[in-house]
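Down below is the structure, laid out as structure tokens.
Since the structure is predicted, the reported quantities are computational estimates derived from the model, not experimental observations. Ligands are counted one by one from 1 in listed order, and the atoms in each one are counted from 1 as well.
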Amino acid sequence: MQRRYFLKMSASLTGAAALSGCNPFADKASTAATPLAPESVNWSACLVNCGSNCPLKVFSRDGIITRIETDHSFEDGYGNHQVRACLRGRSVRQRVYAPDRLKYPMKRVGPRGSGQYERISWDEALDTIHQKLGGIIEQHGNESVFFTYNSGAYYHFGGKQNYYRLMNLLGGYLGSYGDYSWGQMYQAAKYTYGSEALAYAGSAMAEMSNADLVLMLGYNPSEIRMSGSGEAYDFLMMQQSGRFKTIIVDPRYTDSALGKEDQWLPIRPGTDAAMAEAIAFELISQNRIDQTFLDTYCQGFDERTLPDGVPYAASYKSHILDNTDPASLQPGPNAKTPEWAAKITGIPADTLRQLAKQLADTAESGRVYVQIAASLNRHAAGENTIRAMYMLPLMLGQLGLPGTNTGALPSGASMHAPRMPMGSNPVDKSISFFTWTQAVEDGANMTVLRDGVKMPEDQLDANGDGKLNTGIKAIINYAGNALINQHADTNRTEQILQDESKCEFILVVDNWMTPSARYADIVLPDVTWLESEDLISQGYAAGNTATVVQMSSSVGPMFECRNSYDVCTELAKRFGVEDAFTEGKTTQDWLDQFYAEAQAANPGLPDKEVMLKQGVYRQYLPQGSHIALEDFRKDPQAHPLDTPSGKIEIYATPLAYKEAHWQLPDGQQERVTAIPKYSPHRDGYEDVETRQRYPLQLTGYHTKGRVHSSYHNVPWLREAVQDAVWINPMDAAERGLKTDDKVRVWNDRGEIEVAVKVTPRIMPGVAALGQGAWFKGGQFQGGKVDTGGCLNTLTSQQPTPLSKGNGQHTNLVEIGKAPQQAEKSTEE
Ligand SMILES: Nc1nc2c(c(=O)[nH]1)N[C@H]1C(S)=C(S)[C@@H](COP(=O)(O)OP(=O)(O)OC[C@H]3O[C@@H](n4cnc5c(=O)[nH]c(N)nc54)[C@H](O)[C@@H]3O)O[C@H]1N2
Ligand SMILES: Nc1nc2c(c(=O)[nH]1)N[C@H]1C(S)=C(S)[C@@H](COP(=O)(O)OP(=O)(O)OC[C@H]3O[C@@H](n4cnc5c(=O)[nH]c(N)nc54)[C@H](O)[C@@H]3O)O[C@H]1N2
Ligand code: SF4
Ligand SMILES: [Mo]
């Protein structure tokens, strides 16, 4: 597209013309004598990280997108239903034509964060990357190169795979384990059930239809799985056709509730483990546990199944009752009673007792399906919270049977479409996804036992310890905004990145001038989804419907944008590995090969010519519905788990070792424990000292208005879903706040400015803010105050104890009127 057209398009999008859906090039059309060319239709997809990859129907004229529709071409009926895009996907035209699109390669000419860039040629950009990356690898080794987390574009052919493939050919990069989504859950699942994958291989949602009670702990499908084929719709259909009661535990009254729930239990963030312990206390003292299940399938509930030599006092039961005599149900002074938990969770003791009774009653004659959300793992003590919640189905014996779940995220239907092979990483050291800022600052001193560095055993010393030896010197940030926006404590991250003697080179590849792009040394403009040809599948949380979508481009690469396969081929040339990178294949060769492989894997998949028109191929696959740990339940000897005991480890032997041998950073309150334990933690409700200054708990949530930071720069969405911090009317009254006031939210780490929403949909003492708004603070934008309202201006970089992950939902803050407004109201 020519530049002047683009500018007109951008201008029109900020005005009403775009909303009316009329042709944004109206003056072009009206001055032209020739009639308008007919609209053409092709298919693309929304490739954000929301768990789905919805098809998008793209209408265009002369290579310009005129409108976006969705999958609605046949009669809708659950089971063979339309995979409709949500509000975000449907707004994608504004995203493609956003004024801040990256149009050509750029190099930084001011300090990092200043956003000062100069246009350069592709050759200069590629030569610079070759020289910088090559030099750093030579001087500091491949383990000094790092990829920040990058979930913005789920391409199969284009996309990040190409960058990893290239780096693997160049000797590799410092690996990372875990991720911002599920880091603590993986560890909880690994030590309890023997496999990280069991964190997200729960029972299919279709199993809910066999349940009598569904307990949703923070689980909010209506807002986080919004695709037309997603878990939100499955959940609604299960609720309508099933016979189960729904109990939702969440500090917010979410869209998953809205009158469809039987009970909403508002809970203080980060305290679910205390709730689980009170339920355990009730079940144990009322003799309502499934003792046979615990004896047969689990290790360490009580003295009967503890490993040899481990005393009863180390068991879960002893912890809950606070006693030392296995034969007695007499509780000690620190027993985890409902009264104890009520003070922590904010849920009244009687309600906790009723909940325990309801769970036990249902389990006696029916089925309980427990669903634990990932939000519970994104807290300061996230690993132990998830492990504590796993105890509910275990004590009730409610897993491995129809209508039950382990608590893990639901398994979704899937069809296979191949991805660009990445090869394997020759570097054998890795850090947690979250500790990369520490590795930039002081990587050379990061260790196995204190900082969770992973390396092969033969490189460890006699104590089982080892060092990373180099800090991160180069960062590749492709389709990610965790370089600044999505990582915790943006002000601190900015400081760390600004020291150019630490991280010497930062490459950002994106479509827009995001907050992260402002910290790059070189910025490359990628093509968008709508400019890409690819064959993609449904995503990792698509519910019961699997899809394959044939994406094609109607708008071509815009400006000087290039896709990652082409860019990496050019880089491979410069590094002398072009043949290995391309394997002698053209883009078309790869696409043909992937199509043929997809057809072999899915014999029903029509030929490409058909798919180009049809867009979507779908299969509803709840049949043979997956029941988590069904085989193990049927025959634990024949299907042992991958834990040391082969059983479900309530007392996890490897964690007992870690409890004794790991070092935690000075002052860290959160612990690694052999059995799941609720414990007070930093910035939690029980952090009374911090709460004196910052009395409100602030939890983040994943808002309908964005996917993380993606789609933030779409004006329609900013209007449709207001970015406002939720606060209870009681807390608002204390602070003289009313809805739509501009407020400041602050703690020791930073300060943001946002609107406020006063609503009983959030419990007293707690505030909630949608995460992902674009950071506008730091040295060069807002100064002390982040006027973009990025939640991570307030979050902590302290890693969780076991997975060294992100406790980004655990925050204490104070909220008050923004100064301007405060002054104004005194004047009035
Ligand atoms: N406080 C707080 N922080 C959080 C969370 C939270 O709950 N609270 N959640 C965390 C979680 S669960 C996650 S998964 C992470 C997500 O963090 P990220 O993976 O960083 O996700 P996004 O913010 O969506 O950023 C994706 C980036 O990809 C870019 N992009 C999109 N399409 C393309 C493309 O075609 N090509 C290229 N090159 N770029 C593209 C977008 O412009 C955007 O900059 O955030 C984490 N951060
Ligand atoms: N619209 C939209 N959908 C998304 C995303 C997005 O950014 N936007 N991101 C996607 C990604 S990558 C991920 S990982 C998932 C995230 O999925 P989740 O982690 O489940 O999502 P969250 O919104 O963080 O939290 C869900 C609910 O948990 C509640 N909650 C917070 N803390 C606690 C707690 O301590 N206890 C209890 N019981 N509840 C608590 C919140 O109030 C919220 O309503 O969402 C995915 N879907
Ligand atoms: S954001 Fe998710 S649900 Fe919405 S259109 Fe994109 S893929 Fe579909
Ligand atoms: Mo995530």
Side-chain angles (χ1 to χ4, degrees), residues 45-56 68 70-71 83-92 95 98 100-102 148-155 158-160 163 179-183 224-230 232 374-375 377-379 433-434 477-490 508-517 523-532 534 538-542 561 563-564 567 698-704 706-713 769-774 790-796 806-811:
C46 173
L47 300 184
V48 282
N49 178 6
C50 89
S52 297
N53 290 331
C54 294
L56 299 172
I68 300 290
T70 179
D71 174 38
V83 185
R84 296 188 211 162
C86 79
L87 72 168
R88 299 175 296 265
R90 295 182 197 207
S91 76
V92 79
R95 203 174 181 235
D100 59 347
R101 265 296 294 267
L102 296 171
T148 32
Y149 184 69
N150 43 28
S151 72
Y154 278 66
Y155 293 109
K160 64 182 174 187
Y163 284 89
D179 55 54
Y180 287 86
S181 310
W182 301 343
I224 68 154
R225 303 291 188 218
M226 294 170 70
S227 162
S229 67
S375 53
N377 102 124
R378 220 169 293 116
H379 276 283
F433 67 96
F434 189 61
N477 184 95
Y478 174 92
N481 207 353
L483 184 67
I484 190 91
N485 214 77
Q486 297 306 108
H487 188 57
D489 201 344
T490 42
V508 168
V509 190
D510 209 291
N511 304 126
W512 299 275
M513 195 65 206
T514 63
S516 290
V523 178
L524 297 181
D526 201 3
V527 291
T528 67
W529 315 323
L530 274 71
E531 293 149 67
S532 302
D534 213 328
Q538 62 285 314
Y540 61 87
C561 299
N563 80 36
S564 65
V567 173
L698 172 70
T699 177
Y701 64 91
H702 291 218
T703 161
K704 290 176 284 190
R706 279 185 295 273
V707 175
H708 310 293
S709 70
S710 291
Y711 284 109
H712 181 76
N713 54 342
L769 180 64
Q771 59 99 16
W774 285 17
C790 174
L791 176 61
N792 282 319
T793 298
L794 304 164
T795 57
S796 165
N806 53 335
Q808 282 164 298
H809 277 351
T810 305
N811 309 292

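Between the Ser532 side chain and the Thr528 main chain, a donor and an acceptor come within less than 3.5 Å of each other. Between the side chain of Asn806 and the backbone N or O of Arg378 there is no donor-acceptor pair closer than 3.5 Å. Although no hydrogens or angles enter the test, the distance criterion places a donor-acceptor pair under 3.5 Å between the side chain of Arg225 and the main chain of Cys50. A donor-acceptor contact shorter than 3.5 Å links the side chain of Thr795 to the backbone of Asp489. Checking side-chain atoms of Thr810 against main-chain N and O of His379 turns up no donor-acceptor pair under 3.5 Å.
Set against the non-hydrogen atoms of Ala153, the atoms of ligand 1 under 4.0 Å away are 32 (N), 33 (C), 34 (C), 35 (O). Residue contact check: Thr514 has heavy atoms under 4.0 Å from atoms 42 (O), 44 (O) of ligand 1. Taking every non-hydrogen atom of Val527 and a distance limit under 4.0 Å, the qualifying atoms of ligand 1 come out as 35 (O). Heavy-atom contacts of Ser710 reach the following atoms of ligand 1: 22 (P), 23 (O), 24 (O), 25 (O), 26 (C), 41 (C), 43 (C) (cutoff under 4.0 Å). Applying the 4.0 Å criterion to heavy atoms of Ala482 picks out, from ligand 1, the atoms 20 (O). Remark: ligand 1 atoms within the under-4.0 Å shell around heavy atoms of Arg95 are 31 (C). Every atom of ligand 1 is numbered from 1 in the order shown, and the set under 4.0 Å from a heavy atom of Ser709 is 22 (P), 23 (O), 24 (O), 25 (O). The atoms of ligand 1 that sit less than 4.0 Å from any heavy atom of Trp529 are 32 (N), 35 (O).
Distance from atom 36 (N) of ligand 1 to its nearest protein heavy atom, with residue and atom name: Asp526 OD2, 2.8 Å. Given atom 47 (N) of ligand 1, the protein heavy atom at minimum distance is Gln486 O, 2.9 Å. Of all protein heavy atoms, the one lying nearest to atom 29 (C) of ligand 1 is Asp510 OD2, 3.2 Å. Of the protein's non-hydrogen atoms, His702 NE2, 3.5 Å is the one closest to atom 9 (N) of ligand 1. Looking only at heavy atoms of the protein, atom 21 (O) of ligand 1 is closest to Ser151 OG, 3.6 Å. For atom 34 (C) of ligand 1, the closest non-hydrogen atom on the protein side is Asn511 OD1, 3.0 Å. Atom 13 (C) of ligand 1 has His708 CE1, 3.3 Å as its closest protein atom, hydrogens excluded (heavy atom only). The protein non-hydrogen atom at the shortest distance from atom 26 (C) of ligand 1 is Gly152 CA, 3.4 Å.
Here Ser709 contributes atom OG and Ile484 contributes atom CD1; the two are 12.0 Å apart, rounded to the nearest 0.5 Å. Residue Arg95 holds its CZ atom at 10.0 Å from CG of Leu530, rounded to the nearest 0.5 Å. Between the OG1 atom of Thr514 and the CG atom of Leu102 there is a distance of 7.5 Å, given to the nearest 0.5 Å. Here the CD1-OG distance, from Ile224 to Ser375, works out to 8.0 Å after rounding to the nearest 0.5 Å. The line from NE2 of His708 to CG of Asn485 is 11.5 Å long, rounded to the nearest 0.5 Å. Rounded to the nearest 0.5 Å, atoms OG1 (Thr703) and CD (Gln771) are 9.0 Å apart.
Below 3.5 Å of separation, one finds no N or O of Leu791 facing any N or O of ligand 1. Polar contact with ligand 1: absent for Asn49 (N/O pair, distance under 3.5 Å). On a distance-only criterion, Ser181 and ligand 1 share no N/O pair closer than 3.5 Å. Checking only distances, Tyr180 never comes within under 3.5 Å of ligand 1, N or O to N or O. Between Thr528 and ligand 1, a contact under 3.5 Å exists for no N or O pair. By the 3.5 Å distance cut-off applied to N or O atoms, Thr795 is not counted among the residues near ligand 1. In terms of polar-atom proximity, Trp512 is not counted as a contact of ligand 1, lacking any N or O under 3.5 Å from an N or O of the ligand.
Heavy-atom proximity to atom 38 (N) of ligand 1, evaluated over Asn806, Val509, Leu524, Leu698, is greatest for Val509. Taking each of Asn481, Asn377, Asp489, Asn713 in turn, the one with a heavy atom nearest to atom 25 (O) of ligand 1 proves to be Asn481.
What you find for Tyr180 and Gln808 is that their closest heavy atoms are CD2-OE1, 3.5 Å. Looking at every heavy atom in both residues, Arg706 comes nearest to Gly772 through NE-C, 3.3 Å. Smallest separation of non-hydrogen atoms from Tyr154 and Ser151: CE1-O, 3.4 Å. Residue Thr70 comes nearest to Pro55 through the heavy atom pair OG1-O, 4.0 Å, listed as atom of the first residue, atom of the second, then distance. Listed here is the closest heavy atom pair of Ala541 and Ser52: O-OG, 4.1 Å.
Side chains of Thr490 and Cys790 form a contact here, defined as non-hydrogen atoms less than 4.5 Å apart. Taking the side chain as every heavy atom from C-beta outward, Leu794 and Leu769 never approach each other to under 4.5 Å. Tyr155 has its side chain out of reach of Lys160: every pair of non-hydrogen atoms, C-beta onward, lies at least 4.5 Å apart. Looking only at side-chain heavy atoms (C-beta outward), Phe433 and Ser181 stay at 4.5 Å or farther from each other.
Contacts between Tyr701 and ligand 1, counted as non-hydrogen atom pairs separated by less than 4.0 Å, are absent for every part of the residue. With a 4.0 Å cut-off on non-hydrogen atoms, His487 does not touch ligand 1 at all.
Protein N/O/S atoms closer than 2.8 Å to atom 2 (Fe) of ligand 3: Cys50 SG.
Residue-ligand proximity: Arg706 is placed with every non-hydrogen atom at 4.0 Å or more from ligand 1. Using a non-hydrogen distance threshold of 4.0 Å, Lys160 does not register as a contact of ligand 1. Not a single heavy atom of His712 sits under 4.0 Å from any atom of ligand 1. Residue contact check for ligand 1: Val48 places no non-hydrogen atom closer than 4.0 Å to it. Residue contact check for ligand 1: Gly772 places no non-hydrogen atom closer than 4.0 Å to it.
Under the 6.0 Å cut-off for aromatic ring centres, His809 and Tyr701 do not qualify, their centroids lying 6.0 Å or more apart.
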